[in-house]
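Here the structure comes first, spelled out in structure tokens, and everything after it is commentary.
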There are 2 protein chains.
Amino acid sequence: MNDDAMDLRARNKQATREAISHAALRLAIEQGPHGLALVRVHDIATAAGVSPRTYNNYFSSREEAICSFQADQSRRAGEALRSRPAAEPLHQAVIAAVIELYTNPEPDKAGLRMIMSTPELEGEALKAFTMAEGPLAEAIATRTGTDPGRDLFPAVTAAAVAGAIRVAGRHWLVPGNTESFATILRRALSCVVPAAPPDDAQDR
Amino acid sequence: MNDDAMDLRARNKQATREAISHAALRLAIEQGPHGLALVRVHDIATAAGVSPRTYNNYFSSREEAICSFQADQSRRAGEALRSRPAAEPLHQAVIAAVIELYTNPEPDKAGLRMIMSTPELEGEALKAFTMAEGPLAEAIATRTGTDPGRDLFPAVTAAAVAGAIRVAGRHWLVPGNTESFATILRRALSCVVPAAPPDDAQDR
DNA sequence: ACCCGACTTTGCGTGCCGCGCACTATGTGC
DNA sequence: GCACATAGTGCGCGGCACGCAAAGTCGGGT
């Protein structure tokens with residue numbers, strides 16, 4: 001993003017990280033959802049042009065490396081919502097932010113399929129999606145003027161949004177589906193995001 | 001549950017499974033969220049009165065063993081919703097079912113804290129909660145007469161409910177909180193469960 | 001009451017992995 | 001150009017998941 005803001009050293013570090021993560025995902029996709037056990041750490045490291053020891057200076061498991069991209073994306077969710085105009089009603093802002101974040105660029109279907117339909121990756125994939133919740137809850141709280149310490153609304157809504165994104169992803173991956181991801185996302189999100197927090201959200 | 005319906009052999013198997021799972025959780029709690037690495041497979045097996053090799057005939061990781069109880073509970077979510085009277089509106093039925101499932105008996109705070117606030121357990125814990133979604137979505141689809149193949153509403157709602165339960169759990173665990181889990185659950189769920197699917201849920 | 005067959009538990013061996021430690025290489029700021 | 005901070009690497013250890021085959025255990029049929 002803002003490479004200039006980073007130390008040259010930090011930029012190299014970031015580059016290695018991405019090289020490893022990218023290599024891991026690529027190799028995983030090559031083996032498919034049922035051959036993940038065949039992706040050896042040594043292969044990932046070699047493909048990334050790095051020693052195996054260095055690989056796990058960055059990631060402490062194959063799963064983490066493979067899902068790293070997804071996790072990074074989730075971390076940006078809060079920022080995405082904050083960048084929406086303040087006047088926009090909550091549900092519109094959330095939907096627009098999520099669609100912007102998840103369809104620009106159009107996600108890699110093979111990658112998403114890999115991380116969402118490989119049992120050994122399931123836990124890490126869920127962690128990746130869940131990472132969006134914290135920042136999202138913060139942003140929602142700011143936008144609705146609620147106190148995240150007392151009101152459950154921001155956190156619950158954030159969790160619901162993350163869940164909707166997951167479900168939309170699953171639906172997008174079903175064979176023969178021709179809808180765009182954006183369309184599915186919009187449909188999924190409108191099932192859970194209200195226009196405003198209910199008046200009784202902060203009741204005792 | 002219905003022990004009589006099971007072969008004696010199956011009952012023993014179930015008993016060993018529970019012994020291992022229970023021992024694993026107990027040892028994990030003893031070490032606390034930051035000492036999980038000290039819980040060796042050998043210890044779990046010994047505490048359960050079983051050989052290490054047998055332990056991983058049942059579970060393929062410590063995490064899985066520790067969270068097994070939570071996973072089992074999640075599996076019952078669909079059944080819990082189905083057992084509500086058909087006349088009850090969706091949101092009431094869901095809230096009642098979830099509260100019944102998660103507060104009878106009152107959950108073990110130490111256990112929940114362990115599985116929800118230990119980073120190494122996070123993935124498995126999320127998997128455990130997510131297991132409620134499939135059955136829940138089925139039950140919601142049945143109750144609302146929607147087709148889970150085309151409509152996103154059942155799956156999205158199920159995911160939102162699971163998310164709300166997680167958030168409620170987190171909130172219940174914050175130090176100094178005196179509310180009952182049932183109260184928090186009710187508040188969290190009412191943020192996401194509508195009385196009925198929106199009319200446009202099955203559009204397109 | 002007994003035995004045969006099915007199932008469970010266990011011991012052993014193997015390959016892989018995560019990580020601590022110490023050393024080297026690289027490039028950064030003075 | 002030099003000294004220092006930081007990233008990359010080689011080595012070794014402890015632990016774990018799991019395949020395989022032997023031993024133990026239990027249940028049902030006669």
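Order of the sequence lines sets the chain letters (A, B, ...), proteins ahead of strands, with each chain counted from 1.
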### Task
Mark yes or no for whether A:Thr144, through its side chain, and A:Ile140, through its backbone, hold a donor-acceptor pair below 3.5 Å.
yes

### Message
Under a 3.5 Å distance rule, please check whether A:Asn177 uses its side chain to pair with a backbone N or O of A:Glu179 as donor and acceptor.
### Response
yes

### Query
What is the bend of the helix from C:dA1-D:dT30 to C:dC30-D:dG1 when you compare the axis at one end with the axis at the other, using five pairs each and rounding to 10°?
30°

### Task
Send over the distance from B:Glu63 CD to D:dA17 C1', rounded to a whole Å.
12 Å

### d(CZ, B:Phe59; P, D:dC16) in whole Å
16 Å

### Non-neighbouring partners of A:Arg26 that pass side-chain hydrogen bond (donor to acceptor under 3.5 Å, both in side chains), sequence neighbours left out
A:Glu30

### Query
First and last nucleotide of DNA chain C in contact with chain A, 5' to 3', at under 4.0 Å to a heavy atom: what are they?
C:dC16 to C:dT28

Tabulate below the donor-acceptor pairs under 3.5 Å that side-chain atoms of residues 115-132 of chain B make, not counting sequence neighbours, or state none.
unit_1: B:Ser117; atom_1: OG; unit_2: B:Arg113; atom_2: O; d: 2.4
unit_1: B:Thr118; atom_1: OG1; unit_2: B:Met114; atom_2: O; d: 2.6
unit_1: B:Thr130; atom_1: OG1; unit_2: B:Leu126; atom_2: O; d: 2.6

### Query
For nucleotides 6-15 of chain D, read 5' to 3', which letter fits each nucleotide if B means a protein heavy atom sits under 4.0 Å from the base, S means only the sugar-phosphate is that close, and - means neither?
BSSBBB---S

### Query
What residues, two or more places apart in sequence or in another chain, satisfy salt bridge (charged side-chain N to carboxylate O under 4.0 Å, His left out) together with A:Arg186?
none

### Message
Distance alone, cut at 3.5 Å: any donor-acceptor contact between the side chains of A:Ser60 and A:Glu64?
### Response
yes

#### Entry: Note: B:Asp43-B:Arg40 ion pair, threshold 4.0 Å (strictly below)
no

### Message
Is it the case that over 12 heavy atoms from other parts of the model lie below 6.0 angstrom from the CZ atom of B:Phe181?
### Response
yes

